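Step one of this worksheet: look at the structure below.
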Amino acid sequence: MNTEQKFIDLESKIAHQDLLMEELHQVIYEQQKAIDKLEEKVMLLVKRFKDTAAGEVEIGAANEKP
């Protein structure tokens with residue numbers, strides 16, 4: 001294998017790795033967005049639980065006797 005072919009192969013591998021890195025970056029970005037949304041929901045649930053435990057929120061008709 002000559003030197004020119006080796007360079008071509010290396011350039012091809014680097015281009016492929018760059019593409020994979022960009023795809024991985026996009027996956028990580030989307031996962032972080034999902035994590036952020038889940039953290040926000042958890043915080044809202046924690047707040048609701050604390051407010052309910054403190055008696056600040058009415059439980060609602062679901063727990064009332066008919």
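The first residue in the sequence is number 1, and the count goes up from there. Values in this document were obtained by computation on a predicted structure and should not be read as measured data.
Annotation for E40: atom CD does not count as buried by contact number, only 12 or fewer foreign heavy atoms lying within 6.0 Å.
Distance check, rounded to the nearest 0.5 Å: CG of L44 to NZ of K41 gives 9.5 Å. Here the NE2-CD distance, from H16 to E11, works out to 16.0 Å after rounding to the nearest 0.5 Å. To the nearest 0.5 Å, the span separating CD on Q5 from OG1 on T3 amounts to 10.5 Å.
At least one donor-acceptor pair under 3.5 Å links the side chain of T52 to the backbone N or O of R48.
The existence of a salt bridge linking D9 and K13 is excluded, since no basic side-chain nitrogen approaches an acidic carboxylate oxygen closer than 4.0 Å. Using a 4.0 Å cut-off between charged nitrogen and carboxylate oxygen, E30 and K33 count as a salt-bridge pair.
Put simply, the side chain of H25 does not reach to within 4.5 Å of the side chain of I28, judged on heavy atoms.
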